[in-house]
Amino acid sequence: MKKNNNRKKIFKTLFVIACIMIGISVLALSIFFGELYFGGDQPDMAQLGKIHYSLNVYDNENQVIFDNKSQEYVDYEQIPQLLSDAFIAVEDKRFYSHHGVDYVRVAGALISNIKGNRTQGASTITQQLVKNTYLSSEQTFSRKFKEMQTAIKLEKQLSKEQILEYYLNMLYFGSGEYGVKNAARRFFDKELSELNPLECAMLAGIIKSPTKYNPINNYDNSIARARVVLKLMSEQNKISENIYNDYKNSDIIIKNTIIENTFDKNYINSTILEATKLLSLDEKNVLNSGYNIYTYFDANSQNTLSSIISNSDYYQDQTTGGIGIICDNSNYGIKAFASNRNIDNVYEFKRQVGSTIKPLACYAPALDQGLISPNDKILDEPTSFGNYSPSNYKDKYYGWTSVNDCVANSLNIASVKVMQQVGCQTSADYLQKMNINIAEEDKNLALALGGMTYGMNMIELLGGYATLANYGLYKTPSFIKKITDSNGKIVYDAENTVLTRVFDEQSSYLMTDMLLNCSKNGTAKKLKSLNYDIACKTGTVSMENKAFNSDIFAVGYTTADTMLFWQGNNAMDSSQTGGGATTLMLKNFANAYYTDTYPTNFSTPTGIEELNIDKFSYENLNQIVLASQNAPQKSVIKGKFSQKCLPTNKDTTYDRMSIDDITFEQSNDSVTISFEYNPKLGYKIYKRDFAKGEYLIQDIKSSSGQANIEIGIDRFFGNKITIIPYYIDDNNLEIIGTPHKYYSNSLISGLYS
């Protein structure tokens with residue numbers, strides 16, 4: 001009996017608890033739904049018309065070159081039912097039956113989240129409109145609750161057609177495009193009324209991730225997503241089965257991959273991307289930020305550059321991509337950026353850069369470390385570095401070659417040898433100072449030739465050469481000069497950026513001087529006719545079988561501007577090299593751009609010394625020896641040195657012309673003269689005898705090694721032997737040194753004393 005009573009008490013207690021819990025739940029739900037439906041503020045209807053009209057971009061003369069007001073708004077009557085249905089099918093299939101919040105979808109999302117799958121969303125089209133118009137993107141319950149509140153209120157004030165109109169006009173599709181009308185023109189070059197079902201499905205599919213599903217840059221992702229949407233349209237009876245079957249395996253021609261020839265959208269897109277980094281905002285929020293962005297855009301530079309980049313005569317065929325970027329050295333501002341292809345993200349567009357890395361990773365660091373000078377010689381011959389066996393272009397080798405000529409002719413073996421001297425980690429450290437980050441696995445000798453796992457983007461490469469142009473000071477090249485908010489307050493100013501010292505002035509100048517030689521006598525010699533200083537380095541990236549090249553570069557700079565030209569992104573014939581088409585593009589741009597005033601020449605900084613080097617030692621012994629003070633000019637060559645790498649050995653040939661080690665050894669009827677020849681001098685030997693007087697018996701020129709000269713003598717009268725070192729000066733005059741005399745033994749003593 002006691003057990004039954006205990007059970008009844010337990011059941012009664014549980015029943016009371018259950019009732020209390022149910023009561024609390026009902027009360028909580030009543031409060032929740034009461035607050036959801038009756039709480040919160042009424043949405044500001046005027047704000048719906050200002051969804052994306054809030055960004056201005058200006059050129060370097062403060063003229064507007066882009067504003068979101070240029071994005072066209074489209075009324076609901078102009079939106080095809082098929083397009084609306086595509087968005088409803090993938091984003092909100094119960095759009096016409098709910099009142100702002102789809103509770104079936106909310107419940108499904110909750111169950112999915114409980115199971116650990118957080119990929120399922122629950123926002124209706126109305127909620128998405130609210131979020132993008134009135135609220136932030138933060139992931140909190142409070143923000144989500146406000147979104148639901150406002151969506152319910154908005155549905156009471158607007159028809160479903162009005163909601164769709166605002167929604168389809170505010171959507172962001174990437175590539176700087178807002179609204180379905182602008183996106184259709186951008187991607188398909190069509191009006192909305194011309195769209196087929198698959199194109200409608202593609203537009204609806206893009207908005208899940210405008211970068212991942214961008215049809216210009218990620219077509220495969222975009223078309224796959226479009227086919228998913230098309231299937232949903234079929235399953236929801238938005239299109240017939242026949243239409244679905246007609247289009248499910250079709251493709252879409254993306255028409256607008258070539259940039260408009262007006263104000264280059266590549267420049268605008270890159271500006272907006274840079275702003276996302278500077279402001280820590282995503283692209284959509286930058287476009288909706290109300291900011292004013294002031295750029296370095298120069299219309300003259302851009303028009304000149306675009307005319308070069310768009311000229312098909314420079315390219316092997318129509319499949320070859322081309323890029324040109326111009327940076328103002330005075331402020332590191334990018335004033336022109338053109339491409340014959342859409343570059344959706346210039347910061348993620350990375351390529352192998354080939355030999356253009358050599359000055360930045362090898363030679364300039366070695367100069368800065370005092371390890372080399374431009375006149376130092378390197379033995380260029382087939383060389384293996386452990387398991388690494390690089391080769392020169394066309395397997396051509398030059399023997400002992402100056403660093404200057406190694407740079408000019410882009411010799412690979414020499415670059416690797418210099419990298420070996422510098423050290424891979426030290427090289428990577430220098431590159432990092434220029435914002436060029438090297439993967440750990442790339443810190444090996446292949447880096448000397450541009451071997452990198454991920455390559456580099458064009459802005460990084462441009463910044464490295466702008467550093468050399470600015471005597472070793474680095475600043476990231478920038479599209480943006482200044483950003484202000486809607487009230488005019490400055491939120492970013494490029495002038496406040498601190499410059500980084502990468503190389504000292506002397507090392508940068510010497511590197512520039514070598515690249516000037518490259519433009520006159522090396523791989524960039526197409527530039528030699530220009531009447532001002534222009535330094536340049538070319539680069540060519542071979543494909544695996546070496547029958548084709550994938551990338552060619554010419555990066556050059558004057559005192560005014562740094563200029564980068566690239567072609568690639570396909571298999572080009574091996575005859576297409578950096579010294580060809582891209583260098584010609586650079587030359588023709590410079591000719592067209594520098595018409596009124598030429599840039600000044602590079603000035604020599606303090607700490608650079610131009611010295612006379614002994615020519616014989618340099619050409620024959622591969623040694624840098626300072627020339628004698630009195631050496632004739634034909635016996636010297638000029639060399640430029642920084643004070644950290646001055647030569648110390650000095651030749652004294654012409655300062656004190658004496659034969660220090662000379663000996664005379666007489667036998668019965670001859671005298672043997674022994675000494676070490678100085679090949680830079682001539683030697684005249686005179687003989688004086690009783691009958692003829694003094695006369696020249698030998699004039700020895702350009703001899704080297706040990707001299708052993710035997711001269712016959714008169715044993716009865718004896719002879720005087722005189723040897724005189726000499727050279728011919730720049731005025732063709734004979735300059736003589738100290739005579740060395742020998743009086744032979746004779747039977748008549750003292751005849752010549």
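If you read the sequence from its start, that first residue is 1, and numbering goes on from there.
Between the side chains of Lys528 and Asn521, no donor N or O sits under 3.5 Å from an acceptor N or O. Asp651 and Thr653 are linked by a side-chain donor-acceptor pair at a separation below 3.5 angstrom, with hydrogens and angles left out of the test. Side chains of Asp699 and Tyr726: a donor-acceptor N/O pair is present below 3.5 angstrom, by distance only. Side-chain contact of Lys358 with Ser410: a donor-acceptor pair under 3.5 Å is present, judged by distance alone. Donor-acceptor pairing under 3.5 Å is recorded for the side chains of Ser670 and Glu710. With hydrogens and angles left out, the side-chain atoms of Tyr742 and Gln666 include a donor and acceptor closer than 3.5 Å. Side chains of Lys350 and Asn457: a donor-acceptor N/O pair is absent below 3.5 angstrom, by distance only. The closest side-chain donor-acceptor pair between Asn409 and Asp405, if any, does not fall under 3.5 angstrom. For the residue pair Ser628 / Asn630, no side-chain donor-acceptor distance below 3.5 Å is found, with atom types taken as modelled. Side-chain contact check for Asn375 and Ser373: no donor-acceptor pair (N or O, by modelled atom type) lies under 3.5 Å.
Between the side chain of Ser744 and the main chain of Asn719, a donor-acceptor pair closer than 3.5 Å is present. At least one donor-acceptor pair closer than 3.5 Å links the side chain of Gln567 to the backbone N or O of Tyr314. Judged by distance alone, the side chain of Asn444 and the main-chain N or O of Cys424 form no donor-acceptor pair under 3.5 Å. Remark: side-chain polar atoms of Asn601 are paired, donor with acceptor, to backbone N or O of Asp533 under 3.5 angstrom.
In terms of heavy atoms, Lys680 sits closest to Tyr727 at O-CB, 4.5 Å. Across Leu473 and Tyr332, no two heavy atoms sit closer than the pair O-OH, 2.6 Å. The nearest pair of heavy atoms linking Leu367 to Pro374 is CD2-CD, 4.1 Å. Considering every non-hydrogen atom in both Thr540 and Gly578, the closest pair reads OG1-N, 2.9 Å. Taking both residues in full, the closest heavy atoms of Leu462 and Ile325 are given as CD2-CG2, 3.7 Å, listed atom of the first, atom of the second, then distance. When every heavy atom of Ser389 is checked against every heavy atom of Ser384, the shortest pair comes out as OG-OG, 2.7 Å.
Looking at heavy atoms from C-beta onward, Lys537 lies out of side-chain contact with Phe553 at the 4.5 angstrom threshold. Under the 4.5 Å side-chain criterion, counting only non-hydrogen atoms from C-beta, Val403 is in contact with Met514. Within the 4.5 Å cutoff, the side chain of Lys684 has heavy atoms near those of the Leu696 side chain. Counting heavy atoms from C-beta outward, Ser702 and Pro679 have side chains that stay 4.5 Å or more apart. Under the 4.5 Å side-chain criterion, counting only non-hydrogen atoms from C-beta, Tyr683 is in contact with Leu681. Using a 4.5 Å cut-off on side-chain heavy atoms (C-beta onward), Met572 and Thr320 make contact. Contact check for Ile711 versus Lys687: side-chain heavy atoms found under the 4.5 Å cut-off. Between Pro725 and Ile736, the closest side-chain pair of non-hydrogen atoms is not below 4.5 Å.
Checked against a 6.0 Å centroid threshold, the rings of Phe675 and Tyr677 count as neighbours.
We find that Asp504 and Lys644 are joined by a salt bridge, their nearest charged nitrogen and carboxylate oxygen being less than 4.0 Å apart. Between Lys650 and Asp614 there is no salt bridge, since no side-chain N of the basic residue sits under 4.0 Å from a carboxylate O of the acidic one. Using a cutoff of 4.0 Å between basic side-chain nitrogens and carboxylate oxygens, Asp551 and Arg351 are scored as salt-bridged. A salt bridge links Asp513 and Lys640; the closest N-O separation between the charged side-chain nitrogens and carboxylate oxygens is under 4.0 Å.
Between the CG atom in Leu468 and the CG atom in Leu510 there is a gap of 11.5 Å [rounded to 0.5 Å]. Considering OG1 of Thr512 and CD of Glu505, their distance stands at 11.5 Å, rounded to 0.5 Å. With values rounded to the nearest 0.5 angstrom, Met434 atom CE is found 10.0 Å from Leu461 atom CG. Atom CE of Met458 sits about 12.5 Å away from atom CD1 of Ile334, to the nearest 0.5 Å. The CD1 atom of Ile534 lies 9.5 Å from the CG atom of Asp561; values are rounded to the nearest 0.5 Å. Atoms CD1 and CD1, from Ile723 and Ile700 in turn, are 6.0 Å apart once rounded to the nearest 0.5 Å.
The aromatic rings of Tyr557 and Phe602 sit perpendicular, their planes meeting at an angle over 60°, well past the 30° parallel limit. Using cut-offs of 30° and 60° on the angle between ring planes, the pair Tyr509 and Tyr471 is parallel. The aromatic rings of Tyr388 and Phe385 sit tilted relative to each other, their planes meeting at an angle between 30° and 60°.
For Lys741, the NZ atom is loosely surrounded, since the number of other residues' heavy atoms within 6.0 Å does not exceed 12. Counting non-hydrogen atoms of other residues, nucleotides and ligands closer than 6.0 Å to CD of Gln633 gives a total above 12. Glu734 CD: more than 12 foreign heavy atoms inside a 6.0 Å radius. Around the CG atom of Asn732, the shell of radius 6.0 Å holds no more than 12 heavy atoms that belong to other residues, nucleotides or ligands. More than 12 heavy atoms of other residues, nucleotides or ligands shown are found within 6.0 angstrom of CD on Glu610.
For residues 521-540, the ring pair (Phe, Tyr, Trp, His ring centres under 6.0 Å) pairs, not counting sequence neighbours, are Tyr532-Tyr594, Tyr532-Tyr598.
Residues satisfying the side chain to side chain contact (heavy atoms under 4.5 Å, CB included) criterion with Asn392, sequence neighbours excluded, are Asp380, Tyr397, Leu411, Asn412, Ile413.
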- prompt: What do the steps show when you test Thr583 against Thr538 for side-chain hydrogen bond (donor to acceptor under 3.5 Å, both in side chains), and what is the final call?
  reply: CA-CA 7 Å; Thr583 301; Thr538 63; 5.6 Å; no
message: One pair to check against side-chain hydrogen bond (donor to acceptor under 3.5 Å, both in side chains): Asn549 and Ser574. What are the steps and the verdict?
response: CA-CA 5 Å; Asn549 295 328; Ser574 60; 5.6 Å; no
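Put simply, the residue from Tyr474, Phe503, Tyr363 that forms a ring-ring contact (aromatic ring centres under 6.0 Å, His included) with Tyr430 is Phe503.
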